[in-house]
Amino acid sequence: MNQKNLIIAFGGVSPEHEVSVLTAMQVFSALENSSYNLVPLYITKSGHWLGGDALSNLENYKDLNTLESMCYPVSFTKSEMGITHLTEQGNFGLFKKPISVPVYAVVCAFHGSEGENGAFQGICEQYNIPYTGSGVLASSVGMDKVKAKQLCEANQIPVTSSLDFYESDWEQHQETILNEAALLEFPLVVKPSSLGSSIGVKKVDTKEELIEAVEIAFRYDAHLLVEVAINPLMEINCSVLGTSETCRASVCERPLGSMETLSFEDKYQRGGGAEKGMASADRVIPADISPELTDQIRSMAVHTFKTFDASGVARLDFLVNADTEEVYFNEINTIPGSFSFYLWEKSDLSFAGLVNELIDIALKKHQAKNGRIRSYETNLLSEKAATGIKGLKGSK
Ligand SMILES: Nc1ncnc2c1ncn2[C@@H]1O[C@H](COP(=O)(O)OP(=O)(O)O)[C@@H](O)[C@H]1O
Ligand SMILES: [Mg+2]
């Protein structure tokens, strides 16, 4: 029997490692009775790629050292026929064959860092395998808050006024930066450009607080963003599913923070129990806002998804001034926690239905890529062709 091997890729060197484990476990349980053979690909906190049956059981993650000792190293390999496999690595004697399965598709269940910023997606492109979610471009621009804002500005998507600078700018021109920041007017928000989970994000009211927040944020990132704080703030998120050609928006949610800034603790550690993943965070669904504001945010979400050339499922986060109802793009999460399933459930799409749709989109994108001419038979370096290339040592 030729079962299709669906690789569930998760974990990674990321502050959101545990959230990714939860998303992956949700995928395992949703597809338990599907026709796929579910194969875990776990990237440890130190970046090792592991395989093994123990990885599909949440209980085993309570003790990571024991879990790792129950697993074996894996990597992608290409067979002579050009088919990508997930293959056990190591020194094998004559009598043992490494475990190796041909890859049908990869479900990317990472959150944050290299699993979400295009690096892992680039590996899948290199191995020419279908993978869920956005491609390299949307993933990497989406992870960079400064570049994401610039892309939005160029496409008439409102963003808060801000300035950005690198550590070397701060060292050399601190006074100028502080003056420019003061012109934006306090309160301001300081953020590392490409982190997440609210790490290093701080609202500041004075120059002294700004200096302190900047020094702290530089521990996490060499590029910072300082932007005008929206006050009074209402956060509204909306998920979009599809491709940049055809996509649709979910209902909106209003996440509730215990402070004005949603912290890592609010998002993942407070109440609810970790097993429920992102669904456990406090939120109002559908968001308790007017139909007009709902429509405006849903259409901004679709426009932004298309602008980034995103695919699969993304969550678009907006900052709303609660008094004026002015809406600003805050960020795009190209692999949202728990794939934002709790927003799609309200639109009658189950978790399993959502993952199946993500796989479908991945397969179609892969097919479209392979349907186009991507290489040329002529060897431009062959003796005959190379005569035309001037200035090359050895060319005539
Ligand atoms: N301009 C802003 N004004 C007011 N609050 C903000 C602003 N930007 C971010 N925040 C608050 O900080 C939180 C984290 O910022 P965000 O940009 O979403 O970073 P992260 O990628 O870490 O989630 C937001 O959820 C929001 O509560
Ligand atoms: Mg956020």
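Indexing begins at 1, ligand by ligand and atom by atom, following the structure's order.
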Near Asn330 (heavy-atom distance under 4.0 Å), the atoms of ligand 1 are 16 (P), 17 (O), 18 (O)
Do we see a donor-acceptor contact under 3.5 Å between the side chains of Asp317 and Asn333? yes
Judged by non-hydrogen atoms, does Lys145 sit under 4.0 Å from ligand 1? yes
How are the rings of Phe10 and Phe28 set relative to one another: parallel (under 30°), tilted (30 to 60°) or perpendicular (over 60°)? perpendicular
Restricting to non-hydrogen atoms, name the atom on Asp205 and the atom on Pro187 that form the minimum distance, rounded to 0.1 Å. OD1-CB, 3.3 Å
Using a 4.0 Å cutoff against the non-hydrogen atoms of Glu227, which atoms of ligand 1 qualify? 1 (N), 2 (C), 7 (C), 8 (N)
Assess the side chains of His111 and Ser14: does a donor N or O sit below 3.5 Å from an acceptor N or O? no
Check this for me - ligand 1, Val228, N or O atoms closer than 3.5 angstrom, yes or no? yes
Anything under 30° is parallel, anything over 60° is perpendicular, the rest tilted; go ahead and classify Trp49 against Phe120. tilted
Provide the atom name of the closest N, O or S atom of Glu331 relative to the Mg ion (ligand 2). OE2
Does Leu195 reach ligand 1 with a nitrogen or oxygen that is under 3.5 Å from one of the ligand's nitrogen or oxygen atoms? no
State whether Asp317 contributes an N/O/S atom found under 2.8 Å from the Mg ion (ligand 2). no
How does Lys191 reach ligand 1, by side chain, by backbone, by both or by neither, if only non-hydrogen atoms under 4.0 Å count? side chain
Suppose I only count heavy atoms of Glu235 and a 4.0 Å limit; which atoms of ligand 1 are within that range? 24 (C), 25 (O), 26 (C), 27 (O)
With a cutoff of 4.0 Å, is Asp317 in contact with ligand 1, counting heavy atoms of the residue only? no
Is the Phe329 ring parallel, tilted or perpendicular to the Phe318 ring (thresholds 30°, 60°)? perpendicular
I would like to know whether Glu88 and Lys96 meet salt bridge (charged side-chain N to carboxylate O under 4.0 Å, His left out); could you show each step before the answer? CA-CA 11 Å; Glu88 182 180 9; Lys96 185 182 180 313; 3.0 Å; yes
Given Asn237, Asn333, Leu319, which one has a non-hydrogen atom that is nearest to atom 10 (N) of ligand 1? Leu319
Beyond-backbone contact of Thr160 with Ile230, side-chain heavy atoms, under 4.5 angstrom: yes
Should Thr160 be counted as touching ligand 1, given the test is an N or O pair under 3.5 Å? no
